Amino acid sequence: MKYDFAAIESKWQTYWDEHRTFHVENDFTKPKYYALVEFPYPSGDGLHVGHPRPYTAMDIVARKRRMQGYNVLFPMGWDAFGLPTENYAIKNKIHPAIVTERNVNRFRSQLKMLGMSFDWQREVNTTDPNYFKWTQWIFLKLFNAGLAYKKEMNVNWCTQCKVVLANEEVVNGTCERCHGEVIHKVKNQWMLKITDYAQKLLDDLDSVDYFEKIKTAQVNWIGRSTGAEVTFKTTLGDELLIYTTRPDTLFGATYMVISPEHPLIDTWSDKLGNMDEIRAYQAEAARKSDFDRTEMNKDKTGVKLDGVMAVNPVNGREIPIFISDYVLMGYGTGAIMAVPAHDTRDWEFAKKFNLPIIEVVKGGEDVQKEAFTDCATGVLTNSDFLDGLSVEDAKVKIKGWITEKGIGREKVNFKLRDWVFSRQRYWGEPIPVVYCEKCGWVGLPESELPLTLPDVESYMPTDNGESPLSTLESFINTTCPKCGGAAKRETDTMPQWAGSSWYFLRYTDPTNDKELASKEALKYWLPVDWYNGGMEHTTLHLLYSRFWHKFLYDEGIVSCKEPYAKRTSHGMILGKDPQNPGKFCKMSKSLHNVVNPDEVVRDFGADTMRLYEMFVGDFEKAAPWQEEGIKGVKRFLERVWGMSENLKDGDEYSDALRSAMHKTIKKVSENIESLKFNTAIAAMMALLNDADNAGGFNRAEFRTLLILLNPFAPHIASELFEKLYGEMVHEQKWAEYDEALCADSTVELAVQVNGKVKARFNAPVDSDSETLISIALELPEVQKATDGKTIIKKIAVPNKLVNIVVK
RNA sequence: GCGGGUAUGGUGAAACUGGCAGACACGUUGGAUUUAGGUUCCAAUGCCGUGAGGCGUGCAGGUUCAAGUCCUGUUACCCGCACCA
């Protein structure tokens, strides 16, 4: 009989659907396993071949865990708020909810078509009011805890999307999504105080099993540094507070720089002689987009403030103050002391403005030619009481000194900024607060949740930067829940990252209308045992959701500090690069190199597609999509099918294949755990080759093969298992192996002379070194190679090789 | 600039604590079956050389009986962050 993948796959997909095979109950008596993949944004384009790679990988893990006896939660849902849907809706004049539903249906059917073992009874959708009721509820918790606040601030504004972006969403000064120009705009925005959790987000990385590169990226993004804050008096009688990580270089400060947005400038405005010039520079800096600012970063610019000087507290010297956009208002205090001798940026600035460069740490080259920034080897000089100390010792001493004198203190700073949480868009969760003239910002009571989106005529984003909801009087005008007076609703919506910051909690109890999920369900299922997702979310979704989870932990909602026990990531699937034949690059519509999974499944089948995606290369690395490679795995499945028709009798493994069977079980079992799916598949292929050489499989051996194959290619495995053994393969126990039986009775050893292989021989396993050496020395090839030479050394590595060293 | 990563046949790639480099595939070549083949099967396939033999894991050194793997230096490419004081 022919391997009719189309008929087999639709048969089993229907079976799994009708029997709810992969539905899991909250059965608290069983050991649980929570496997999670990132839920997709259901775009209008449907799945592309990149999606199934992580999904198949975790599907393999989930299917294996079920066979190992775990109660497995492997859910799927839709991160469905977002700009593309809204844009599509605007263009085609369809409500975004309808577009979303259509896209979700397409995605769901495509995932079913790939044989993913998701529990479809637990599907969640971030745009469902029953879901976002709890997103809003969490926001109110944050608001009531003082972690959500509204602030007038300079934000990133995408000129194309006409929306505010979080720092994490700005890539190379452009919009992460549309690559449009990002400029700065001063707007009143909702902010979340993720910075309050900076230290915890950093510390608790020690307690989780993430890929090291993921941890490193988060550590760098959080960007903790220790230094000191120091107060400089000014000649106008007030004070200037700066932050430095090099307080040891205080004696080398020859000027100060403050950010163009620094508030002291306004304070000083009528006393400065060159206000026109300063105002012009401020305007210039404000107008620059992030992109321009990065472009310009080689050439330092700035303006000296005319009429004010700072006084260096360690030596009383008066030094000038500049404004320059290389100092950022958002970090530290927005002001620095400049030590050109020991900071590259300060050095460049000093050279340009002809400022003195004083060496205070010796050990480098001439500081007039290059800044000396090495902290490890330097020794203090020209620094009075610090002279002769190492940089580390000097830091300690000066910190003590400034604390004692009351002019400064030790200070920790983070690069992490608070999370800009407002978006001027229609298709997002409404922020459930109102503004009352009397009471200020007031959160809605829980009874008024969910606050749903009103129907509007136009979802168009506006050029003035206001939300499309802002023109809708019926939505805006409401009463204050506190005083009952007139109040206005917030018209901005939440960013897309809101719904995805807690979705893994909702899966544990997706239909609960009393709580976001029951305490018992949360306690049972969390933390997620294994979460796989893209590296691109490391400093976005992954960080945001850790923050929310930690907050919910502090509120007593969840009972573990970290949401994910283990986090891994996958590489991208690359397409052919049309510009460089033989090279590969990101798939994109504009390059016409996108591969559609529907066609692959139609032409080769879902099992082949799954196997190919796993066989293509190292799961963690980017992998090129090469149509030719699909044939190899298709052939493998055809061979499995063909061999099923010629099985020998046998209730146990044959002598010929026993060790091969045990070795393969071990290899496949271990490889799944370490994400080495490619070599797991290779091991099964090699087993087929072994079986061919042994004259085919017997029934016992083939049964095991199907169990190993089931997570990878579940349709063919289910079909053959039912046909041959009359049972369901997914109900079988995972195969076991015996370490002792993995070994063959004899092994081939290589014999080297001076490290070059000259001969080979077979010997019983674990033969001792003396025996091996004496056999090796008798071999004719070895005699020839050692003839007339002196043997200096004989090394034998049991079961591997013998090396004879001669002179 | 800082951080992370990669470099192995014609191609995708394997190689656990240093121990036979190239598993498993793709492709190619030859052969068989077939009216036919985007079928199946068999054989060969790292490079140079007719051969014995030599050379081979980006490059240059080093340690070792033995190095893709360890050490020093160096180049190229990819990804992230980027004036964070």
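Quick note on labels: first sequence line is chain A, next is B, and so on, each numbered from 1. Heavy atoms only: backbone and side chains are in, while hydrogens, waters and symmetry mates are out. Worth saying up front: this structure is predicted, and the values here are computed from it rather than measured.
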Expressed in whole Å, how much space separates the P atoms belonging to B:C70 and B:A15? 15 Å
With respect to the phosphate group of B:A85, does any side-chain polar atom (N or O) of A:Ser225 fall under 4.0 Å of OP1 or OP2? yes
When the P atoms of B:C59 and B:G68 are considered, how many whole Å apart are they? 12 Å
Would you say B:G12 has OP1 or OP2 under 4.0 Å from some side-chain N or O of A:Asn678? no
Near-ring test A:Tyr255/A:Phe349, centroid separation under 6.0 angstrom: yes
Checking A:Lys300 against A:Tyr326: charged group under 6.0 Å from the ring centre and within 45 degrees of the axis? yes
Report yes if a side-chain nitrogen or oxygen of A:Tyr331 is closer than 4.0 Å to either non-bridging phosphate oxygen (OP1 or OP2) of B:A85; otherwise report no. yes
Looking across every strand, which nucleic acid part, if any, lies under 4.0 Å from A:Asp618 by heavy atom: base, sugar-phosphate, or nothing? sugar-phosphate
Taking the ring centre of each residue, are A:Phe5 and A:Phe604 less than 6.0 Å apart? no
Spacing between A:Arg224 atom CZ and B:C2 atom P, to the nearest angstrom: 23 Å
Is there a side-chain polar atom (N or O) of A:Asn803 under 4.0 Å from OP1 or OP2 of B:U64? no
Heavy atoms under 4.0 Å, any strand shown: does A:Lys794 hit a base, just sugar-phosphate, or nothing? nothing
Could you tell me how far B:C71 sits from B:A85 if I compare only their C1' atoms? Round to whole Å. 36 Å
Under 4.0 angstrom between A:Lys213 side-chain N/O and B:G4 OP1 or OP2: no
Step through it carefully: locate the ring centre of A:Trp625, locate the ring centre of A:Phe584, and say whether they are under 6.0 Å apart. no
Between CG of A:Leu574 and P of B:G5 the distance, given in whole Å, is 19 Å
Between CD1 of A:Ile573 and C1' of B:C78 the distance, given in whole Å, is 17 Å
Rounded off to whole Å, could you give me the NZ-to-P distance for the A:Lys415 and B:C81 pair? 12 Å
Determine the Euclidean distance between corresponding P atoms of B:U29 and B:U35; express it in Å to zero decimal places. 23 Å
Is A:Val797 touching bases, backbone alone, or none of the nucleic acid, heavy atoms closer than 4.0 Å? base
Same-atom distance (P) from B:G22 to B:A44, integer angstrom: 15 Å
From CD1 of A:Ile630 across to P of B:U11 the rounded distance in Å is 20 Å
Assign A:Lys631 to base, sugar-phosphate, or nothing according to its heavy-atom contacts below 4.0 angstrom with the strands shown. sugar-phosphate
If only side-chain N and O atoms of A:Arg639 are considered, is one of them under 4.0 Å from the OP1 or OP2 phosphate oxygen of B:U40? no
Please give, in whole Å, the distance from B:C24 P to A:Arg635 CZ? 15 Å
d(OH, A:Tyr612; C1', B:A13) in whole Å: 11 Å
Same-atom distance (P) from B:U8 to B:G58, integer angstrom: 7 Å
Do you see a donor-acceptor pair shorter than 3.5 Å between the side chains of A:Asn799 and A:Asp766? yes
Determine the Euclidean distance between corresponding C1' atoms of B:G38 and B:A76; express it in Å to zero decimal places. 39 Å
Which pair of non-hydrogen atoms, one from A:Val360 and one from A:His342, has the smallest distance, and what is that distance? N-NE2, 3.0 Å
Between A:Asp607 and A:Phe712, is the side chain to side chain contact (heavy atoms under 4.5 Å, CB included) condition met? List the steps. CA-CA 7 Å; A:Asp607 281 339; A:Phe712 297 83; over 6 Å; no
Which label fits B:G27, syn or anti, where anti is any glycosidic angle not within 90° of 0? anti
Will you find, in the side chains of A:Glu38 and A:His537, an N or O donor that is under 3.5 Å from an N or O acceptor? yes
Any side-chain N or O of A:Lys756 under 4.0 Å from OP1/OP2 of B:C55? yes
Nucleotide B:A13, atom C1' - distance to CZ of A:Phe619 in whole Å: 17 Å
Can you label the angle between the A:Phe619 ring and the A:His570 ring as parallel, tilted or perpendicular, going by 30° and 60°? tilted
Taking only the P atom of each, what is the distance from B:G9 to B:A13 in whole angstrom? 12 Å
Upstream residue (5' side of RNA chain B) when A:Tyr243 and A:Met572 are each assigned their closest nucleotide: A:Met572
Can you tell me which stems RNA chain B forms, taking runs of 3 or more consecutive Watson-Crick or G-U pairs with both distances under 3.5 Å? B:1-7 with B:75-81, B:10-12 with B:24-26, B:27-32 with B:40-45, B:46-48 with B:53-55, B:58-62 with B:70-74
